[in-house]
Amino acid sequence: MHSVLMLVIMLGLVIVPTTAMEAPDLSQVSLKSVFYQGTGCGAGSVSGFMPQGKESFTLVFDLYRVEVSPTVSITSARKNCLILVDLTYPAGIRYSIPNTTFVGDAALDTGVTLSQQVGYYYIGREEESSTNMALEGPKSSHFEFTDQHPRSAWDTVWWSPCGQPQSLNINSRVSLKKTIANATRVFPADLPGGLLGQFSWITGLVWRRCAALDANGCQQMGVERSSTSNCFSST
């Protein structure tokens, strides 16, 4: 034990109490608002909510529709939507995204493939964390597909900055591709009674306290580092 203590002192580190690793209080976490623009998300067509556990948020799309047909333009087969999710939470915690679950109803013919791509990023950061799904026809059913990030990515690198709440930016794309010329399909599939279909994304959230500092003033968890020259970047 004495040798371990001496090693810690020589390295200039302090032992982080176990309480610093405990789950943070999420009672003040909320989804404040959602802003969006793009060919797939007209005014009033996107809504968002966060369940009581604060372990995810859901975006629901009413008009994010793509179509393939011999009679429609190729631009109808792919749409995009840029989204800003305004999250409210205390300054002493941060979040990361382990997965995205894609939920919807599809009616795809043979030779038609549905693709969805969701890229998450923070303002001022170059890194983008992407999740994807692809569904090939023939397929006519409800689907729920989860794209899971490797733990090595979301648990060590891709955390929101500490110090102040950080809104989440989302760059998304939905498309239909066909390999049969006369294929005709729309996503999401229309509902009975002529109602337009919807689909949604459930974005998983993992929360933790911001890191304690070592003797050099460097944070011991995550990617945020002080400007001290003795700190080593994890990126």
Side-chain angles (χ1 to χ4, degrees), residues 31 34-51 55-69 72-85 87 95-122 127-151 153-154 158 167-180 183-191 195-206:
L31 192 161
V34 179
F35 304 92
Y36 51 90
Q37 64 177 3
T39 57
C41 47
S45 67
V46 181
S47 58
F49 64 91
M50 178 177 285
E55 296 179 347
S56 67
F57 66 83
T58 298
L59 297 177
V60 181
F61 300 91
D62 293 335
L63 298 177
Y64 208 156
R65 294 170 62 82
V66 288
E67 180 181 3
V68 288
S69 166
V72 300
S73 168
I74 191 173
T75 58
S76 298
R78 54 178 181 266
K79 300 289 180 66
N80 76 290
C81 187
L82 302 176
I83 307 162
L84 186 145
V85 179
L87 299 174
Y95 65 91
S96 187
I97 297 174
N99 55 57
T100 304
T101 299
F102 302 85
V103 182
D105 294 280
L108 306 177
D109 291 337
T110 299
V112 177
T113 300
L114 166 68
S115 298
Q116 298 187 62
Q117 181 178 35
V118 181
Y120 302 97
Y121 64 96
Y122 306 116
E127 304 93 344
E128 181 174 290
S129 175
S130 296
T131 52
N132 307 271
M133 69 87 66
L135 194 63
E136 296 183 357
K139 182 78 172 181
S140 183
S141 65
H142 180 77
F143 67 84
E144 294 187 14
F145 176 85
T146 299
D147 188 12
Q148 185 80 35
H149 286 294
R151 189 180 183 92
W154 66 260
W158 212 82
S167 297
L168 181 64
N169 295 270
I170 303 175
N171 185 9
S172 69
R173 183 174 68 249
V174 178
S175 65
L176 286 176
K177 295 182 180 180
K178 62 178 181 177
T179 57
I180 299 176
T184 301
R185 274 305 169 190
V186 174
F187 174 80
D190 290 334
L191 302 175
L195 299 176
L196 297 178
Q198 296 178 326
F199 70 93
S200 59
W201 301 328
I202 303 172
T203 298
L205 295 172
V206 176

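Residue numbers count from 1 along this sequence. FYI, side chains are in, hydrogens and waters are out, and symmetry mates aren't considered; it's all heavy atoms of this structure.
For Gln117, the CD atom counts as densely surrounded, since its 6.0 Å shell holds more than 12 non-hydrogen atoms of other residues, nucleotides or ligands. More than 12 heavy atoms of other residues, nucleotides or ligands shown are found within 6.0 angstrom of CD on Gln148.
Side-chain contact between Met133 and Thr100 is absent, with no heavy-atom pair separated by less than 4.5 Å. The closest side-chain heavy-atom distance from Val66 to Ser175 is not below 4.5 Å. Two residues are said to be in side-chain contact when any heavy atoms from C-beta on lie closer than 4.5 Å; Asp147 and Phe102 meet this criterion. Side-chain atoms of Arg65 and Val186, non-hydrogen and from C-beta on, do get closer than 4.5 Å to each other. Residues Thr131 and His149 form a side-chain contact, since some pair of their non-hydrogen atoms from C-beta on lies under 4.5 Å apart. You'll find the side chain of Leu59 reaches within 4.5 Å of the side chain of Ile83, heavy atoms only. In this structure the side chain of Phe49 reaches within 4.5 angstrom of the side chain of Val60, judged on heavy atoms. The side-chain heavy atoms of Glu55 and Leu205, taken from C-beta on, include no pair separated by under 4.5 Å.
Partners of Tyr64 by ring-ring contact (aromatic ring centres under 6.0 Å, His included), not counting sequence neighbours, listed by chain and number: Phe61, Phe199. For Ser141, there are no side chain to side chain donor-acceptor pair (under 3.5 Å) partners at least two apart in sequence or on another chain.
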Take Thr113 and Leu176 through the side chain to side chain contact (heavy atoms under 4.5 Å, CB included) test and state the conclusion after the steps. CA-CA 6 Å; Thr113 300; Leu176 286 176; over 6 Å; no
Between Val103 and Ile202, is a side chain to side chain contact (heavy atoms under 4.5 Å, CB included) present by the stated rule, with each step listed? CA-CA 8 Å; Val103 182; Ile202 303 172; 4.1 Å; yes
Assess whether side chain to side chain contact (heavy atoms under 4.5 Å, CB included) is satisfied between Phe145 and Gln116, documenting all intermediate values. CA-CA 11 Å; Phe145 176 85; Gln116 298 187 62; over 6 Å; no
Walk me through whether Lys79 and Phe187 qualify under side chain to side chain contact (heavy atoms under 4.5 Å, CB included). CA-CA 11 Å; Lys79 300 289 180 66; Phe187 174 80; over 6 Å; no
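Nearest heavy-atom pair across Ser172 and Cys81 is OG-O, 2.8 Å. Residue Pro98 comes nearest to Val206 through the heavy atom pair CG-CG2, 3.6 Å, listed as atom of the first residue, atom of the second, then distance.
Of the N and O atoms on the side chains of Tyr122 and Ser167, not one donor lies less than 3.5 Å from an acceptor on the other residue.
The CD atom of Gln198 sits 9.5 Å away from the CG atom of Leu63 when rounded to the nearest 0.5 Å. Summarising the geometry, atom CZ belonging to Phe143 is positioned 8.5 Å from atom CG belonging to Leu108; distances are rounded to the nearest 0.5 Å. Taking CG of Asn171 as the start and CD of Glu128 as the end, the distance is 6.0 Å to the nearest 0.5 Å. Note that CE of Met50 and CG of Leu87 are 5.0 Å apart. Values are rounded to the nearest 0.5 Å. How far OG1 of Thr110 is from NZ of Lys139: 13.0 Å, rounded to the nearest 0.5 Å.
Applying side chain to side chain contact (heavy atoms under 4.5 Å, CB included) to Tyr121 and the options Asn169, Leu168, Ile170 leaves one that passes, Asn169.
In this structure a side-chain-to-backbone donor-acceptor pair under 3.5 Å is missing from Thr184 to Ser69. With hydrogens and angles disregarded, a donor-acceptor distance shorter than 3.5 Å links the side chain of Arg185 to the backbone of Ala107.
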Please tabulate, one pair per line, all N/O donor-acceptor pairs under 3.5 Å involving side-chain atoms of residues 35-44, not counting sequence neighbours.
unit_1	atom_1	unit_2	atom_2	d
Tyr36	OH	Gly44	N	2.9
Tyr36	OH	Ser45	N	3.2
Thr39	OG1	Asn80	N	3.0
Thr39	OG1	Asn80	OD1	3.0

